[in-house]
Amino acid sequence: MYTKTPVPRAAAIHDLSGFGRSSLTVVIPILSTMGIQVVPLPTAILSTHTGGFTGYHYHDLTPELPGIIDHWKQLKIDFDAVYSGFLGSPQQVDIVIDFIRFFSREHQLVVVDPVLGDDGISYGPIGPEMIDRMKKLIGFADIITPNITEAAFLLDKPYSPSITKKEMKTWVRELSDQGPATVIVTSVPASEKTTSVIAYNRTDGRFWEVQCGYVPAFYPGTGDIFTSVITGSLLQGDNLPLALDRAVQFVSMAIRASFGHNIPNREGVLLERVLNNLRAPVTSSSYEILS
Ligand code: PXL
């Protein structure tokens with residue numbers, strides 16, 4: 001158990017993109033629905049996320065963060081989790097590291113989603129300096145959740161959309177050597193019709209896999225949804241493979257609820273239609289242990 005309070009509290013360090021269902025606009029409803037109090041620290045304000053939109057307005061909030069954090073330090077706020085995602089500038093990495101150090105306490109979960117890119121390319125506002133700094137930040141995390149593009153960036157390896165499970169087992173171990181005890185990599189190709197989530201826990205040396213059925217569509221924000229469910233699930237006391245199951249099932253359900261409608265993918269998945277499912281117990285489990 002990471003928490004002893006009736007309502008665990010998580011600091012959520014992500015951007016606020018107004019339109020498009022990503023980052024804080026999915027992190028907050030998901031964690032709230034899972035019974036977690038969210039304390040948002042917005043890293044940037046955008047009119048939309050950057051996936052599929054051009055001409056978005058971008059306002060970096062780096063100068064605002066120290067004032068907000070100093071007030072929280074004075075208040076001695078106790079966080080059961082620190083959960084970071086998209087950062088507004090490379091300088092924010094040092095601010096987040098200081099945050100993790102200051103608010104560190106026993107039975108606390110530090111989740112870093114190294115939001116850098118997808119499909120082999122970095123997101124619009126993410127440059128080489130951010131990738132470099134993110135390598136430092138993951139050293140302070142208990143859990144990281146890169147997709148295969150982000151895993152490649154963090155390890156300085158070439159991105160390959162057809163990476164094998166065997167190679168990924170080496171990658172997750174190498175990522176864990178950089179600090180995080182648990183490494184969860186999403187969108188690993190499994191077969192022609194499936195992708196997998198592969199996870200490694202250095203503490204017990206075990207690898208886990210959850211396969212996801214093929215859905216022929218890409219929606220921005222699903223990585224944020226996935227990591228938010230993982231965080232909520234672990235804060236509720238689930239073990240790692242069950243948290244993986246919950247997150248994979250929820251993301252799949254959200255995509256399936258959206259796919260049949262003719263709504264542009266860039267608007268994200270129809271989260272509002274599936275959010276209630278987060279309150280239901282997991283009734284089927286599909287995780288496997290990898291040898
Ligand atoms: O979903 C990740 C993400 C977060 N924040 C911003 C983004 C994206 C992905 O496109 O653009 C601003």
Side-chain angles (χ1 to χ4, degrees), residues 10-31 38 40-62 64-65 83-93 95-96 111-127 129-131 133-134 137-138 141 143-154 159 184-187 195 197 215 217-232 247-248 250-252 254-255 258 263-272:
I13 310 175
H14 302 254
D15 69 283
L16 180 61
S17 288
F19 186 62
R21 299 191 184 89
S22 74
S23 37
L24 283 178
T25 66
V26 302
V27 172
I28 296 173
I30 288 172
L31 288 175
V38 181
L41 183 61
T43 57
I45 294 179
L46 291 85
S47 50
T48 66
H49 59 69
T50 67
F53 294 99
T54 53
Y56 50 84
H57 182 77
Y58 186 90
H59 181 67
D60 169 17
L61 288 176
T62 305
E64 307 305 322
L65 299 190
Y83 165 26
S84 75
F86 179 96
L87 301 183
S89 73
Q91 294 70 39
Q92 288 186 5
V93 166
I95 296 176
V96 176
V111 179
V112 171
D113 186 6
V115 176
L116 297 171
D118 206 352
D119 287 327
I121 43 176
S122 54
Y123 295 129
I126 303 289
E129 195 186 347
M130 180 71 97
I131 294 173
R133 297 274 194 112
M134 196 59 87
L137 181 56
I138 65 169
I143 300 184
I144 62 168
T145 56
N147 58 33
I148 52 174
T149 298
E150 292 156 345
F153 288 169
L154 292 168
Y159 163 77
I184 302 170
V185 180
T186 57
S187 51
T195 62
V197 169
V215 186
F218 166 78
Y219 292 89
T222 47
D224 301 327
I225 293 172
F226 177 84
T227 308
S228 299
V229 178
I230 294 280
T231 304
V248 167
F250 185 72
V251 171
S252 304
I255 292 176
S258 312
I263 299 171
N265 289 18
R266 68 183 190 175
E267 293 186 24
V269 291
L270 299 180
L271 181 68
E272 300 78 7

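Whatever order the structure lists them in is the order used to number ligands and atoms, beginning at 1.
No hydrogens or angles considered: a donor-acceptor pair under 3.5 Å links the side chains of S89 and T62.
No donor-acceptor pair closer than 3.5 Å links the side chain of D118 to the backbone N or O of N147. Judged by distance alone, the side chain of S47 and the main-chain N or O of H57 form a donor-acceptor pair under 3.5 Å. The main-chain N or O of A44 is never found under 3.5 Å from a side-chain atom of D60 such that the two would form a donor-acceptor pair.
Close N/O approach between S17 and ligand 1 is not found [any backbone or side-chain N/O within under 3.5 Å]. The N/O atoms of D224, backbone and side chain alike, include one that comes under 3.5 Å of an N/O atom in ligand 1. At least one N/O-N/O distance between D15 and ligand 1 falls below 3.5 Å.
A perpendicular orientation is assigned to the rings of H49 and F53, their planes being inclined by more than 60° (bins at 30° and 60°).
Within ligand 1, the atoms closer than 4.0 Å to a non-hydrogen atom of H49 are 7 (C), 11 (O), numbered from 1 in the order shown. Atoms of ligand 1 lying under 4.0 Å from at least one heavy atom of G51, given by number and element, are 10 (O).
Of the heavy atoms in D118, none comes closer than 4.0 Å to ligand 1.
The heavy atom nearest to atom 3 (C) of ligand 1, considering only V115, L24, T48, is found in V115.
Ring centroids of H14 and Y83 are separated by less than 6.0 Å, placing the two rings close together.
In terms of protein heavy-atom proximity, atom 11 (O) of ligand 1 is nearest to T50 OG1, 2.6 Å.
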